[in-house]
Amino acid sequence: MRPSVVRPTIIAVLLGLAAVFAAIIATQAVSASRDRRATVERVLQDYAALGAEGVAQRLRSSFGNRLTTVLSAGAGDPGDGTVFAAAYREAFSTSGHNAANDVSHFRRIGSGDALAPAIRAFTAALPSYVYFGMRWIPTADGEQLLVFQPMTSATAVAASFTLSREALSTVIAALVAKDRVLPASLTHGASLDGGVGLRISSGHQLLVNRHFDQSSPYRSQLPLGQPYGDLSVDVSLSESIAPSLIIGGLPRSRVALLVALVVLTIALTAAAGDQLRRELVLSRLRDDFVSSASHELRTPLAQIRLFAETLRLGRVRSADEGDKSLAIIENESRRLEHLVENLLYFSRAERSGMHLARELTDVSLLIDDVVTGFAPLAARTACTIAVELERDAIMPVDPSAIRQIVLNLLDNAVKYGGSGQVITVGLTFTETECRIDVIDQGTGIPVDERARVWERFWRSDSARRSGVTGTGVGLAIVNDLVRLHEGTASVASSPTGGACIVIRLPRRTA
């Protein structure tokens with residue numbers, strides 16, 4: 001394998017490996033990001049559970065102690081509820097609200113009361129250290145909460161009072177009104193009320209709602225358990241408070257960014273691979289160009305050297321042979337000059353582009369002059385050139401550029417049209433354009449190759465197989481010069497089956 005091929009191949013392999021490594025790194029980064037997010041979400045969930053546990057514990061202590069105090073005071077009540085009422089107001093008024101009208105009635109439940117069996121059954125399921133119980137009972141005014149002392153024997157008497165749901169909601173709300181859901185050690189003293197939600201409910205009945213977010217994925221529900229009936233605490237945390245609780249906060253998903261980076265890496269790798277492919281193609285084309293140009297230059301140089309030596313050594317047998325030798329030297333010199341001009345035009349186009357020097361020129365006379373000078377070269381292959389020119393075709397053009405265009409087209413026609421043919425050069429001149437046609441009698445150019453003949457270095461496979469030499473820049477230079485004249489170059493089929501190259505130049509004032 002040639003070094004010029006090995007280097008791009010190695011680079012292509014390295015680029016492919018880079019794309020694979022980029023994909024692997026992106027996959028690992030996505031996985032790490034997901035793991036970190038999952039960890040942070042678990043921490044937020046744990047914080048929500050910690051907040052629910054803290055509120056529940058404080059509510060059990062505060063609510064339970066007050067209920068126990070009221071029930072204990074009821075043991076000495078004369079039966080009219082006055083002691084109950086005074087104890088209740090003293091216990092719950094300290095929670096920050098007026099408790100005077102919370103309780104519907106206070107009473108003592110004896111062994112013969114209708115509620116006694118239910119209370120005994122409830123008591124049987126309670127731990128021995130529990131000093132009160134809570135149970136919802138139906139009344140004429142709707143469900144109400146019965147708060148009572150456990151009945152430990154068949155003859156025991158239970159002190160009790162009832163609360164409506166509205167009263168219970170007021171009591172609970174007052175008890176947790178100033179309660180921090182999360183400890184200050186976690187929040188660093190910051191107020192997170194807007195991001196920490198609290199909900200306290202009894203069954204399906206909402207008692208307290210403080211910024212609770214039902215849609216938050218970071219929630220924790222905790223029942224208070226016996227003997228607090230069906231009271232439960234819910235805590236929700238919003239994503240906005242994550243930076244206050246966790247360093248760095250909740251990480252954002254980087255999947256889209258990483259996917260975009262991988263796609264960009266693959267795209268750049270593909271672009272680099274395409275550039276390497278183009279470099280290989282261009283390298284091959286340049287090698288072919290150098291080989292073809294060297295061959296084309298070597299042939300006229302060999303002819304010039306041969307006949308010059310013949311003349312110098314006096315090997316000509318007659319004056320006619322001497323003239324013929326001089327004619328061959330002259331023709332080969334013109335051919336060499338034409339090749340060199342093509343290479344110079346191509347070099348200028350590659351380096352800094354070509355520029356026109358327009359001047360009013362009779363295009364018909366210019367073509368006549370070119371054809372006259374090229375005729376001896378065509379005669380070498382028994383080709384003749386017929387001209388069909390409209391006269392007085394005067395317009396501003398670059399004479400040297402038009403000369404190069406016609407020379408290249410004639411040279412192309414001689415190469416690919418075959419020996420013994422008649423090459424026709426036509427010129428038509430209208431109010432809008434100047435049209436130049438060069439028609440040969442060869443095999444023509446296939447339709448699917450007509451767009452490519454204008455590409456630099458490109459030569460058809462049939463031309464390569466036929467052994468016709470060429471550099472692949474002649475028609476490319478024609479196309480460049482025509483475009484500089486703001487014209488168009490195209491390929492058509494001729495009536496004789498050969499190729500017809502059509503040059504259209506728009507007319508313009510000087």
Side-chain angles (χ1 to χ4, degrees), residues 48-74 84-106 122 126 130-139 141-149 159-183 191-214 216 219-237:
L50 178 64
E53 177 63 35
V55 172
Q57 186 64 34
R58 291 189 292 275
L59 187 59
R60 290 190 193 102
S61 176
S62 177
F63 194 41
N65 288 339
R66 285 174 169 79
L67 293 179
T68 302
T69 299
V70 174
L71 292 173
S72 297
F84 265 128
Y88 182 85
R89 283 192 297 272
E90 182 179 355
F92 286 100
S93 292
T94 58
S95 63
H97 81 287
N98 184 2
N101 300 316
D102 282 355
V103 182
S104 57
H105 59 275
F106 299 91
F122 184 78
L126 294 179
V130 173
Y131 296 103
F132 70 93
M134 297 170 59
R135 183 169 181 173
W136 291 102
I137 58 173
T139 65
D141 298 328
E143 268 194 332
Q144 292 191 333
L145 183 67
L146 176 66
V147 183
F148 55 87
Q149 286 179 321
S160 69
F161 61 92
T162 57
L163 290 171
S164 65
R165 289 190 182 274
E166 292 75 12
L168 178 63
S169 176
T170 302
V171 168
I172 298 295
L175 291 176
V176 299
K178 297 181 180 179
D179 198 9
R180 280 183 175 269
V181 176
L182 293 177
S191 175
L192 303 179
D193 288 343
V196 180
L198 174 64
R199 180 176 67 181
I200 300 175
S201 55
S202 177
H204 299 292
Q205 183 71 33
L206 181 64
L207 301 177
V208 174
N209 187 350
R210 196 171 74 193
H211 309 299
F212 186 79
D213 184 3
Q214 182 71 30
S216 172
R219 295 166 44 196
S220 180
Q221 182 180 22
L222 182 65
L224 267 66
Q226 297 292 5
Y228 296 92
D230 55 0
L231 288 178
S232 64
V233 174
D234 285 358
V235 170
S236 69
L237 303 180

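All heavy atoms count here, side chains included; hydrogens, waters and symmetry mates do not.
Partners of Glu166 according to the side chain to side chain contact (heavy atoms under 4.5 Å, CB included) rule, which considers only residues two or more places apart in sequence or in another chain, are Ser164. Evaluation of the side-chain hydrogen bond (donor to acceptor under 3.5 Å, both in side chains) rule for Arg58 yields Asp179 as partners, not counting sequence neighbours. Residues passing the side chain to side chain contact (heavy atoms under 4.5 Å, CB included) test with Thr68, sequence neighbours excluded: Ser72, Tyr131, Phe132. In this view, Ser202 and Trp136, Arg165, Leu207, Asp230, Leu231 satisfy the side chain to side chain contact (heavy atoms under 4.5 Å, CB included) rule, not counting sequence neighbours.
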What donor-acceptor contacts under 3.5 angstrom involve side-chain atoms of residues 219-228, with partners at least two apart or in another chain?
residue : atom : partner : partner atom : Å
Arg219  : NH1  : Gln214  : O            : 3.0
Tyr228  : OH   : Arg60   : O            : 2.8

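For the atom pair Arg199 CZ and Asp213 CG, the distance stands at 10.5 Å (nearest 0.5 Å). Atom CE of Met134 and atom CG of Leu67 lie 6.5 Å apart (nearest 0.5 Å). To the nearest 0.5 Å, atoms CG (Leu175) and CG (Leu59) are separated by 6.5 Å.
Contact of the Leu145 side chain with the Thr162 side chain is not registered, since no non-hydrogen atoms from C-beta on lie closer than 4.5 Å. For the pair Val70 and Val147, the minimum side-chain heavy-atom distance is 4.5 Å or more.
Distance alone, capped at 3.5 Å, is enough to place a donor-acceptor pair between the Arg210 side chain and the Ala177 backbone. Remark: the backbone N or O of Asn65 is paired with a side-chain donor or acceptor of Thr69 at under 3.5 angstrom.
Partner of Leu198 under the side-chain contact (heavy atoms from CB on, under 4.5 Å) criterion, chosen from Asn209, Asp234, Val55: Val55.
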